[in-house]
Amino acid sequence: MGSDTNFRARPDLSILRDDVRATSAYHVPPADGLVKLDAMENPYGLPETLARALGERLARVALNRYPPSNPTALKAKLARAIELPAGMALMLGNGSDELIHLVIQACAKPGAVVVSPWPSFVMYELSAKFDGCRFVGVPLRADFSLDRDAMLAAIARERPAVIFIAWPNNPTGNLFDRATVTEILDAAPGLVVLDEAYLPFACDTWLPQLAARSNLLVLRTLSKLGLAGIRLGYLCADAAWIEQFDKLRPPYNVNVLTLATADLMLDHLDVLDAQAADIRAERARLLAALRALPGVTAFDSAANFILFRVADADAVFAGLKSRGILIKNVAHMHPLLAGCLRTTVGTRQENDAFLDALKASL
Ligand SMILES: *Cc1c(COP(=O)(O)O)cnc(C)c1O
């Protein structure tokens with residue numbers, strides 16, 4: 001009151017990039033009080049004894065110190081855990097989102113193009129645009145399989161610096177044809193990133209191919225395995241690539257609490273693997289239950305979510321929400337996804353609650 005701020009000029013945003021101002025922020029809907037099945041999170045927490053051990057470990061972390069800029073010990077432990085092929089290296093990111101940015105930034109020469117089958121993970125497009133690359137999404141076929149000819153034509157036409165392939169794809173949930181991806185790897189003039197965010201549920205990987213394919217990068221994350229909150233992704237590739245990407249990495253990008261948590265959890269991967277196995281079993285049960293519902297077309301999934309189509313996606317989404325269930329409405333993301341909703345596989349109780357609410361909302 002009576003302060004100068006009353007007369008202060010409004011911020012002149014015209015100094016900002018036009019594309020930044022024209023973009024809306026990545027929207028994360030509030031989930032308070034709802035059964036949260038919108039973000040592919042593992043529904044289980046840590047067992048009590050492990051949570052306690054983690055508490056004790058974190059209590060000893062030196063919060064006054066910067067993290068190691070190059071956490072070699074954790075990287076070596078992770079490399080052993082995943083059986084990283086000899087001669088390959090890995091780098092850690094603040095989620096795989098950060099690594100997607102770093103790869104694109106490293107390739108963002110003037111005119112550089114990023115290609116991905118589409119629809120797929122929105123961060124590929126967003127990162128490409130913000131990092132100064134042109135993004136070209138190549139439409140999938142109606143059954144969400146790769147359009148081989150369209151992909152090869154786009155590669156020949158655009159000469160992409162980077163191709164992203166989500167394995168399995170988000171939001172459709174399917175694994176693409178391996179032989180077609182191999183053809184893409186053969187044809188690509190630049191890098192091909194196989195994004196294995198859903199590895200715990202697909203149980204299928206390109207990692208052993210790294211040694212044979214110098215243009216292949218394998219991207220992974222601990223997020224879907226049950227540690228989305230710690231934000232830790234990793235990129236595996238020939239050491240020559242990693243050395244270059246590492247120059248763009250902010251020196252302390254992975255914080256000490258994340259490093260300590262990951263270090264402990266790598267000794268207890270059996271706990272997370274068992275949870276993933278439960279989720280895979282629930283996925284099968286949920287898929288069968290969805291397919292038994294008239295008016296619902298549910299698609300095969302190699303991930304911890306299921307895409308399904310209904311006659312009126314907006315109405316069903318709203319009906320579920322009014323009944324306390326939050327899933328993701330992807331119906332307006334892309335014409336191929338018309339009528340489609342995506343639900344994360346939750347606990348048995350959550351899935352039952354979802355199914356009951358769905359029946360009441362159809
Ligand atoms: C969820 C997801 C990720 C994970 O990103 P983080 O930043 O590691 O949490 C990466 N790629 C795809 C395709 C995803 O669906």
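What you see is a predicted model; the values in this text were computed from it and never measured. In each ligand, atom 1 is the first atom listed, and ligand 1 is the first ligand listed.
Using a 4.0 Å cut-off to heavy atoms of G95, the atoms of ligand 1 that qualify are 7 (O), 8 (O). Residue-ligand proximity, D97 to ligand 1, at heavy-atom distances under 4.0 Å covers atoms 5 (O), 7 (O). Residue Y198 has at least one heavy-atom neighbour below 4.0 Å for each of these atoms of ligand 1: 1 (C), 14 (C), 15 (O).
Counting heavy atoms of neighbouring residues, nucleotides and ligands inside a 6.0 Å radius, atom CZ of R65 does not exceed 12 of them. Counting heavy-atom neighbours within 6.0 Å of R285 CZ, excluding the residue itself, gives a total above 12.
Residue contact annotation: A197 has a non-hydrogen atom under 4.0 Å from ligand 1. Ligand 1 lies within reach of R231, whose nearest heavy atom is under 4.0 Å from it.
Given atom 1 (C) of ligand 1, the protein heavy atom at minimum distance is K224 NZ, 1.2 Å.
Look at D131 and K129 and you find no salt bridge, because none of the NZ, NE, NH1 or NH2 atoms lies under 4.0 Å from a carboxylate O. Using a cutoff of 4.0 Å between basic side-chain nitrogens and carboxylate oxygens, R213 and D238 are not scored as salt-bridged. Between R323 and D356 there is no salt bridge, since no side-chain N of the basic residue sits under 4.0 Å from a carboxylate O of the acidic one. Between K77 and D267 there is a salt bridge, since a side-chain N of the basic residue sits under 4.0 Å from a carboxylate O of the acidic one.
In the candidate list L219, V122, D195, D195 is nearest to atom 11 (N) of ligand 1, counting heavy atoms. Among S223, G93, S96, the residue whose heavy atom lies closest to atom 4 (C) of ligand 1 is S96.
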### Task
Evaluate the salt bridge (Lys or Arg N to Asp or Glu O under 4.0 Å) criterion for residues E56 and R60: first the C-alpha distance (whole Å), next the side-chain angles of each, then the deciding distance (0.1 Å), finally the verdict.
CA-CA 7 Å; E56 280 164 28; R60 293 199 301 274; 5.3 Å; no

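Only the side chain of N170 comes within 4.0 Å of ligand 1, judged by heavy-atom distances. At a heavy-atom distance under 4.0 Å, only side-chain atoms of Y124, from C-beta outward, approach ligand 1.
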